[in-house]
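I have placed the structure first, in the form of structure tokens, so that the comments after it can refer back to it.
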Amino acid sequence: MSGLWHRTLHRFVVRLYFDRVSVLGAENLPAGGPTLLLGLHRNGAVDGFVYHTPAPQAVFMISVQLLRSLLGRIFFSGIGVVREKDRGKTAAASAGNAHGMEQCVELLRRGGTLCVLPEGTSSLGPRHLPFQSGAAHVAFDYLAAPGQPLAIVPMGIHYEAPAEFRSRVEVVIGKPVPTEMPEGWSRVEKLRELKRRFEIALEEVGVNVVSDEYQDTIQRLACIATLGTKRSYFRTLKQLEKGIPAPLAESWNALAAEFHRRGLLFHQGVPLCPVFPLVVMFAVIAVIGPITLAGWLLNAPPLLAGAWAGRKFADGPNVITLWRMLVGVPVFGLWAAIISLACSLFGHPAWIAVYAVVTLAALKLTRLTRKVVVEINNGLRHRDLRERALNFHRQLLDTLPDETL
């Protein structure tokens, strides 16, 4: 029942908070049998919620820190271990971790799916953090005894705007990691080789660049490349990982400087300009704006509570979304119950359906509404930049290689 509760809750939270979760490479996931999933860790414990989308049956190796409070146990479940950075705070950490590792191996022997985030902690920085050895030890202990073949599959996770409500996410499933080892190798040699293979596989599904500044640039370019196209955000990042072609970089630097000097509004780091005539944009906002605003006003308490929690409790950008969810989702559930009870008590139960429809519609329209508002503002105040922006969009698409599926 605990597994069912958490899978259902995670699916609800992900659909509530994110506009869309896309899965690339889903064919690389095995249909069944013992499976070890290796996930990159970007956006705090929220990553686990999102990874449950392609792998709903996965059991996570999880920090015991997340299971020590009632709120934590409501949102999280898994096989608890002590992270390296928390060892000094936890009594009998080594014994607890040994027991947790045994549970992980036993889960695999029963044909289950285990998900491990080998970095141990998350970061939104320009490259992955050092990988710990726990996943390699679990894989080695399983492979050391006769049993079913073990599928080891890497996963990456890429948020267009990690801390923004109703952003989009892409989960990338990589090709399985080979497990065959040369005969005669020692345990240490096999563990090192497994860890090396894990690192190579995870870097294939991630993006690792030289600096925060370069990461910010290619994330903006990837967002621009997806506008009005079916391009993948991750695949575009990967194409720009090693470098930006000089003519494209020169065009972008000149245009970005002008955008900032002129004070354009940005959406996910992109200064959107209207593609359609402004009269069309005003017609669109006239239809969707009131619906979105009504949904925001009807749900102001949970939206404000989540925003407050993100500012109050987050000690870094990688946990803002987590705190918004931990506080905003329970408040939303309580608020929806209060609305429903009030409608029933005052003899207007039909208004519950109205509240639900407006809330769902506002969720669907939030991202579009933000984009249209930015486009209208920039189109009205900076009409002369529109053609330059559209020309750069075309130059970007012409410069990038075609995506290979």
Side-chain angles (χ1 to χ4, degrees), residues 4-23 46 49-50 52-54 56 74-75 159-161 163-170 226-228 230 267-268 272 274-276 279-310 320-377:
L4 176 62
W5 160 255
H6 288 102
R7 286 196 299 273
T8 304
L9 177 63
H10 293 174
R11 177 169 294 188
F12 171 74
V13 168
V14 165
R15 290 189 174 182
L16 179 69
Y17 197 88
F18 297 108
D19 181 73
R20 185 178 72 199
V21 176
S22 303
V23 180
V46 173
F49 302 164
V50 179
H52 254 155
T53 298
I74 289 174
F75 276 88
Y159 300 84
E160 289 189 8
E164 187 172 298
F165 182 55
R166 303 303 291 173
S167 177
R168 290 178 175 176
V169 192
E170 287 187 3
T226 63
L227 295 173
K230 294 183 178 180
H267 173 75
Q268 295 186 181
L272 301 179
V275 177
F276 301 102
V279 64
V280 175
M281 307 305 293
F282 275 112
V284 171
I285 201 64
V287 174
I288 68 174
I291 300 173
T292 306
L293 182 60
W296 290 351
L297 292 175
L298 281 173
N299 292 282
L303 289 172
L304 293 173
W308 171 81
I320 292 174
T321 293
L322 175 62
W323 278 109
R324 286 178 176 173
M325 288 180 174
L326 292 180
V327 174
V329 171
V331 173
F332 173 69
L334 179 61
W335 180 249
I338 291 173
I339 292 285
S340 300
L341 180 61
C343 290
S344 299
L345 289 177
F346 285 99
H348 299 288
W351 284 101
I352 300 174
V354 174
Y355 165 75
V357 169
V358 173
T359 297
L360 288 173
L363 281 175
K364 292 291 186 183
L365 295 173
T366 288
R367 178 185 172 88
L368 178 60
T369 301
R370 285 174 173 163
K371 290 178 66 176
V372 172
V373 168
V374 170
E375 291 179 23
I376 289 175
N377 174 83

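What's counted below: heavy atoms across the whole structure, side chains too, no hydrogens, waters or symmetry copies. Residues take their numbers from the sequence shown, with the count starting at 1.
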Please set out all donor-acceptor pairs under 3.5 angstrom arising from side-chain atoms of residues 345-365, sequence neighbours excluded.
{"from": "Tyr355", "atom 1": "OH", "to": "Asn299", "atom 2": "OD1", "distance (Å)": "2.5"}
{"from": "Thr359", "atom 1": "OG1", "to": "Asn299", "atom 2": "ND2", "distance (Å)": "3.1"}
{"from": "Thr359", "atom 1": "OG1", "to": "Tyr355", "atom 2": "O", "distance (Å)": "2.8"}

Minimal heavy-atom distance between Ala309 and Trp323, with the atoms involved, is CB-O, 3.5 Å
Here the gap from Leu298 atom CG to Leu303 atom CG, rounded to the nearest 0.5 Å, amounts to 10.5 Å
Interatomic distance, CG@Leu272 vs CD@Glu375, rounded to 0.5 Å, equals 5.0 Å
| message | Taking the side chain as everything from C-beta on, heavy atoms only, tell me whether Val46 gets closer than 4.5 Å to Tyr17. | response | no
List, one per line, each side-chain donor-acceptor pair under 3.5 Å for residues 325-332, sequence neighbours excluded.
none

Output for pair (Thr292 OG1, Leu297 CG), nearest 0.5 Å, gives 11.0 Å
CG of Asn377 to NE2 of His267, rounded to nearest 0.5 Å, is 14.0 Å
Test side-chain contact (heavy atoms from CB on, under 4.5 Å) on Phe18 and Val50 and set out the steps.
-> CA-CA 10 Å; Phe18 297 108; Val50 179; 3.9 Å; yes
When rounded to the nearest 0.5 Å, the distance separating CD1 of Ile288 from CG of Leu368 is 4.0 Å
Here the pair of heavy atoms bringing Ala161 nearest to Ser167 is N-OG, 3.0 Å
Are any of the side-chain heavy atoms of Gln268 and Arg367 separated by less than 4.5 Å?
-> yes
NE2 (His52) and CZ (Arg11) are apart, to the nearest 0.5 Å, by 10.0 Å
> So, do Lys371 and Leu227 sit near enough that their side-chain heavy atoms are less than 4.5 Å apart?
Replying inline: yes
Look only at the side chain of Trp5 and the backbone of Ile74, and say whether a donor-acceptor pair between them is shorter than 3.5 Å.
yes
**Prompt:** Run the side-chain contact (heavy atoms from CB on, under 4.5 Å) check on Val373 and Arg370 step by step: do they pass?
**Reply:** CA-CA 5 Å; Val373 168; Arg370 285 174 173 163; 5.9 Å; no
Scanning both residues in full, the closest heavy-atom pair of Phe75 with His10 reads O-NE2, 2.7 Å
